[in-house]
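What follows is a set of notes on a single structure, which appears directly below.
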Amino acid sequence: MKSNLKNKKGNFKNVPKEIYDFWEKSGFFSADLKSEKEKYSLLIPPPNLTGELHLGHAMQHSILDAVARFKRLQGFDVLLLPGVDHAGIQFEATFDKFLAKKNLSKRKLGREKWLEEAFKFKDEVYKSVSSTWRFMGLSADWKREVFTLDEGPKLAVFEQFKTYYDKGLIYKGPYIVQWCPKCNTAIEDVEMEYEERKEKLYYLKYGPLTLATVRPETKFGDTAMAVHPDDKRYQDYIGKEFEIETLAGRKKMKVVADSAVDPEFGTGVIKVTPGHDFADYEIGRRHNLPILQAINKEGRLTELAGKYAGMKVLEAREKMIPELKQKGILLKQENYVHNVAVCERCKSTVEPLISEEWFVKVNDLAKGAISVINLDKIKFLPKNYKKILVEWLKNIHDWCISRSLWWGHRIPVWYPSTSLRISDPSTHSINSGSSTRSARSGRVEEMKVSLESPGEGWVQDEQVLDTWFSSGLWPLSTLGWSVGTGPVSRFPPVSAPPQSGVRADRNPSTTATRAENLMFKRYFPWDFEISAPEIKYLWIARMIMISQYFTGQIPFKTMFFHGMLRDLLGRKFSKSLGNGIDPVYLIDKWGVDATRMALYTYSIPGRDGRVSREILDERGKNFRNFATKIRNITHFVIDLKPDSNSEVSRQTRPITLDVMKSGRQENTSEVSIADDKWILDELSKTIRTVTKHLENLELHLAVEEIYEFVWHKFADRYIEESKSNRVKVQPTLEHVLKQVLILLHPFMPFLTEELYQKFEVKRESIMQEEWSSSR
RNA sequence: GGGCUCAUAGCUCAGUUGGUUAGAGCGUCACAUUGACAUUGUGGAGGUCAGAGGUUCGAGUCCUCUUGAGCCCACCA
């Protein structure tokens, strides 16, 4: 039954594919909408299309699957729903790299063609990775798999946008954003990393004052100088204007007083560059300063920089130094070490600048989420994440939802083509950012919110929505929910345009309108959701806000944050560090079940684990040996059972637990085994404990408990002692073994199915067995 | 700077609401074993539970402080 498939194209050694196919074909993974059973629903966090599966995913999937299988055995109608995320920037970068190899580019293809190719590429990527997503044995309802760009989610996302828009929660405006010049898009705080850099601190003469800066090239965007209001040194200068030499002409600048200035830093004077610094932007807003754009979206200086225009930031900085020196503006420089924000994905330096972006006002949404969290409707594991999330929600700032990408849900806003807007204005009024529906030059812009074109003469907004805008809606959109009519779906009928290679048939939301309503009614809210802690703000907080806002309900009842697996130095696994451990390596070496077991020992909520290849090998080996042990137990109990014609074994095979308990008591005097009662008691104690641990989602404890029972009680003691009295105890042996397999099935699904099939009296699959409710 | 977490055997870690003699796996030492066993079994060594103080009849567990390690968030002109 065990296969030894070559490890390529999604086939793995040590993954018994026949068993998996048998399960899937038999429909054991499918939720049954019409079932009388109580439902239990689990939402699989959609993996990124491009991301290969790493240990974290393997652990996440193992946990999800154990819970799902446990609940199935307990008699629930389980929905374990898989999905895929289009992963905006990440996919787009991967795809563009792929295109570059074929000497193609966005520019050459144009948007429409590019998207067409992107969807093809997506299908290919999906094909090559989808089998890996099953390799942990995930018992997911694949027929219901959803992709974030499918028609259903697409409509739900649109309605989300429209609702916000109609309620005045969406606005568009010039705003300071973190801009990645390489990805050519605004990115969020959470998408940045910090890198320590050794740079220089330059002391520059600004009129009568001297100030320190690491970024002299932003000089061209300065609109003021600032000092701390209490700084005695500069009281006389506050409010006065001075003429400053900028290297691109002279201009007048005011000195403002602002408490954001640190009097201890440098000279206690700063230059204010509201267009290219977050703190300066805030100062600018407080003092109503104009904003100048000195750096454009490619990271080059604008015409404001005079002869330095067109240069990249670092180049300009270098070239400016001699002139600054020569003109006596640069007084001195010091070495300075500080952290610089870089783009998490491409590692280029992030450039704060002013850009026209879409925002969602999240205050009200956050309030809703806070109240529902405070009502303890969601069980957080670990508990303290509740507080952490609430704190973050209290200090939340508006959510920039637009991205200058092509891959994603395009912003469903249309403008009349006659009023084509000028892009990249070099100045903005800082206050228009707060007004709804972008006012520019005092004129209210005409626009329509619509998924399809409103007709001739309208052009759609160029940007797409932040990936998390759709991810945040995931608990709803996966179940075919849509805004307009609440839980009653109004998805279009089957004839959804087969546009862009999305397989409409794979997405039930486009095919079974009515069924989808029932899906939402039945399976929402989700019983279980799992996530890495690092996306608790990006994703988890937003799912709660959005779900609460649109349905008045929590998205999930239990939120399980697993820990992060790190290397022995405590660092995250990452491609750039090259410290990753491929789960496929472990599976090939120790088998999928053993790998799962190894990962369960790290599945404690909120607890990080430090691992190395050696450590995981050790655990893999340990549980491989455990699997061997069970295989041998089964060999002994079933294959080497005493002659089946013997009277005792024939008459007792279908015996029940109670009969065995009472029937055996009197007969033990000459038997070396102390008592069957002992092993049966131990068994029911184990069942009780394992059940409790599983209910509490303490998988590591459940695993430990089973391990202890199987190896040290059942095998080492009971089986050893049974050898002298084999015929008599055969029914007990079989009974205990079967119970052990059922107990272990959530954790080691393949092995337990394989061994279960050896029983003469059995069901079609171990998945149809019942979890013993022994008290 | 704000928040959070951790420190238990050589290593990686368990240890539910405080309650006998602090556990597991691997490693290590001794012995046994071709056995249902890709070896496995039996037994041993190894811990001042980071340190100090406190609450308590009782603290690895609760409180305070110290030290060390790490993570998240913000700021870094």
Side-chain angles (χ1 to χ4, degrees), chain A residues 189-190 192 194 196-197 199 201-202 204 211-216 218-219 222 225-227 258 260-262 264-274 276-283 336-341 352 382 384-385 387-388 391-392 395 397 533-537 563-566 568-572 590-591 597-598 601-602 604 606-612 614-641 689 692-693 696 698 700-701 703-705 707-708 711-712 715-717 719-720 722-723 726 733:
Chain A
D189 303 354
V190 277
M192 300 189 304
Y194 292 86
E196 198 177 89
R197 294 254 176 94
E199 296 193 322
L201 188 60
Y202 302 95
L204 304 181
L211 54 81
T213 177
V214 287
R215 302 202 57 189
T218 61
K219 195 177 198 331
D222 293 344
M225 290 170 280
V227 297
D258 196 289
V261 180
D262 176 5
E264 303 292 320
F265 185 89
T267 58
V269 186
I270 63 165
K271 63 196 202 59
V272 184
T273 321
H276 300 288
D277 184 283
F278 273 74
D280 291 8
Y281 179 85
E282 292 300 325
I283 294 174
Y336 184 61
V337 177
H338 67 151
N339 290 324
V340 176
N384 62 318
Y385 274 57
K387 215 175 68 192
I388 295 172
E391 281 310 304
W392 184 78
N395 302 316
H397 55 265
E534 60 180 355
I535 50 173
K536 55 184 177 287
Y537 306 129
M564 301 281 291
L565 292 175
R566 305 175 180 282
L568 290 181
L569 299 173
R571 300 177 303 181
K572 274 206 276 198
W590 308 114
M597 290 294 268
T601 63
Y602 289 100
I604 304 152
R607 285 286 252 262
D608 291 354
R610 294 185 175 201
V611 295
S612 64
E614 289 70 29
I615 287 168
L616 286 171
D617 270 341
E618 170 204 309
R619 299 219 176 183
K621 183 176 158 195
N622 182 221
F623 286 110
R624 190 275 320 265
N625 290 350
F626 180 61
T628 306
K629 191 78 182 173
I630 294 167
R631 188 165 269 126
N632 278 310
I633 291 172
T634 309
H635 177 65
F636 177 79
V637 171
I638 307 277
D639 300 339
L640 303 181
K641 87 168 88 174
T689 313
K692 187 188 77 188
H693 289 321
N696 295 338
E698 298 166 320
H700 62 296
L701 296 179
V703 162
E704 197 179 291
E705 192 73 23
Y707 184 98
E708 173 68 18
W711 202 312
H712 300 300
D716 288 349
R717 249 184 101 174
I719 292 183
E720 280 308 316
S722 77
K723 287 175 185 169
R726 181 63 198 273
L733 286 172

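Lettering of chains follows the sequences in order, A, B, ..., and the numbering in each one begins at 1. What you see below is based on every heavy atom in this structure, not just the backbone, and it leaves out hydrogens, waters and symmetry mates.
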Answer for the Watson-Crick or wobble partner of B:G47, both distances under 3.5 Å, is none

Separation of the C1' atoms in B:C29 and B:A45, to the nearest angstrom:
7 Å

How long is the line joining CD1 of A:Ile630 and C1' of B:C37, in whole Å?
12 Å

Suppose we define a pair by two distances each less than 3.5 Å, Watson-Crick or G-U wobble; what does B:A24 pair with here?
B:U12

Length of the line joining A:Ile388:CD1 and B:C4:C1', which is rounded to integer Å:
5 Å

Which atom of A:Phe636 lies closest to which atom of A:Ser722, heavy atoms considered:
CE2-OG, 4.3 Å

A:Lys387 NZ to B:U5 C1', in whole Å, measures 12 Å

Please state the P separation for the pair B:G23 and B:G44 - nearest whole angstrom.
12 Å

Residue met sooner reading RNA chain B from 5', once A:Leu201 and A:Asp716 are mapped to nucleotides
A:Asp716

Think A:His712 has a side-chain N or O under 4.0 angstrom from the OP1 or OP2 of B:G25?
yes

Would you name the heavy atoms of A:Arg619 and A:Thr601 that are closest together and state the gap between them?
NH1-OG1, 2.7 Å

Paired nucleotide for B:G19 [Watson-Crick or G-U wobble; both distances under 3.5 Å]
B:C57

N or O in side chain of A:His276 less than 4.0 angstrom from B:A77 OP1/OP2:
no

Residue A:Lys629, side-chain atoms from C-beta onward, closest of B:C13, B:U40, B:C76
B:U40

Below 4.0 angstrom, N of the basic side chain to O of the carboxylate: do A:Lys723 and A:Glu720 qualify?
yes

C1' spacing across the pair B:U17 / B:U61, given as an integer number of angstrom
10 Å

Would you mind reading off the distance between A:Glu704 atom CD and B:A14 atom P, rounded to a whole angstrom?
11 Å

Short side-chain N/O contact to B:U40 OP1/OP2 from A:Asn625, under 4.0 Å:
yes

So, for A:Tyr202 and A:Val214, which heavy atoms are closest and what is the spacing to 0.1 Å?
CE1-O, 4.2 Å

Looking only at side-chain atoms of A:Asn622, point me to the closest of B:C71, B:G25, B:C11.
B:G25

What is the nucleic acid contact for A:Gly609, judged by heavy atoms within less than 4.0 Å: base, sugar-phosphate only, or nothing?
sugar-phosphate

Rounded to the nearest Å, what distance is computed from the CZ atom of residue A:Phe623 to the P atom of nucleotide B:A14?
14 Å

Can you check whether A:Glu618's main-chain N or O pairs, donor with acceptor, with A:Asn622's side chain at less than 3.5 Å?
no

B:U12, B:C71, B:G15: which one has an atom nearest the side-chain heavy atoms of A:Ile615?
B:U12

Base B:A14 to side chain A:Glu698, donor-acceptor N/O within 3.5 Å cut-off
no

If I pick the P atom on B:U16 and the same atom on B:C57, what distance separates them, to the nearest angstrom?
23 Å

Name the closest nucleotide to the A:Glu618 side chain, picking from B:U12, B:C26, B:G15.
B:C26

Selection from B:U40, B:A77, B:U12 that lies nearest to any side-chain heavy atom of A:Tyr602:
B:U12

Between A:Asp608 and A:Ala715, just flag the one whose closest nucleotide in RNA chain B comes earlier from the 5' side.
A:Asp608

Give one of base, sugar-phosphate or nothing for A:Glu708, where a contact means two heavy atoms less than 4.0 Å apart.
nothing

Just to confirm, is there a sub-4.0 Å distance from OP1 or OP2 of B:C4 to any side-chain nitrogen or oxygen of A:Asn384?
no

Complementary nucleotide of B:A69, counting Watson-Crick and G-U pairs under 3.5 Å:
B:U5

Among B:U16, B:A77, B:A38, which is the nearest nucleotide to the side chain of A:Lys692?
B:U16

Please give the distance between the C1' atoms of B:U55 and B:U64 as a whole number of Å.
11 Å

Shortest side-chain distance from A:Phe636, nucleotide among B:A36, B:A14, B:U40:
B:A36

If you only use heavy atoms from C-beta on, which nucleotide in B:A77, B:C6, B:C37 is closest to the side chain of A:Asn632?
B:C37

From the list B:C76, B:A36, B:A69, which nucleotide is the closest neighbour of the side chain of A:Ile719?
B:A36

Scanning all shown strands, the Watson-Crick or wobble mate of B:C31 with both distances under 3.5 Å is B:G41

Please give the distance between the P atoms of B:U39 and B:G43 as a whole number of Å.
22 Å

What's the CZ-C1' distance between A:Arg610 and B:U12, to the nearest Å?
11 Å

Starting at CD1 of A:Ile604 and ending at P of B:U5, how long is that distance when rounded to a whole Å?
16 Å

Just checking A:Ile633: base, sugar-phosphate only, or nothing, at a heavy-atom cut-off of under 4.0 Å?
base

What interatomic distance, in whole Å, is found between P of B:A30 and the corresponding atom of B:U66?
48 Å

Between atom NE2 in A:His693 and atom P in B:A14, what is the gap in whole Å?
15 Å

So what's B:U64 paired with, Watson-Crick or G-U wobble, going by both distances under 3.5 Å?
B:A52

Donor-acceptor pair between A:Thr218 and A:Lys271 side chains, under 3.5 angstrom:
yes

What are the two closest heavy atoms between A:Leu211 and A:Val269, and how far apart are they?
CB-O, 3.2 Å

Shortest non-hydrogen contact from A:Ala212 to A:Thr267?
N-OG1, 4.2 Å

Taking any heavy-atom pair under 4.0 Å as a contact, classify A:Leu701: base, sugar-phosphate, or nothing.
sugar-phosphate

When you measure from the side chain of A:Asp608 to the backbone of A:Gly563, do you find a donor-acceptor pair of N or O atoms at a distance under 3.5 Å?
no

At less than 4.0 Å, is any side-chain N or O atom of A:Lys621 found next to OP1 or OP2 of B:C26? Yes or no.
no

Distance, P atom - from B:G27 to B:U40, rounded to whole angstrom:
10 Å

Would one find a side-chain N or O of A:Arg624 under 4.0 angstrom from OP1 or OP2 of B:U39?
yes

If the cut-off is 4.0 Å, is A:Arg607 near the phosphate of B:C6, judged by side-chain N/O to OP1 or OP2?
yes

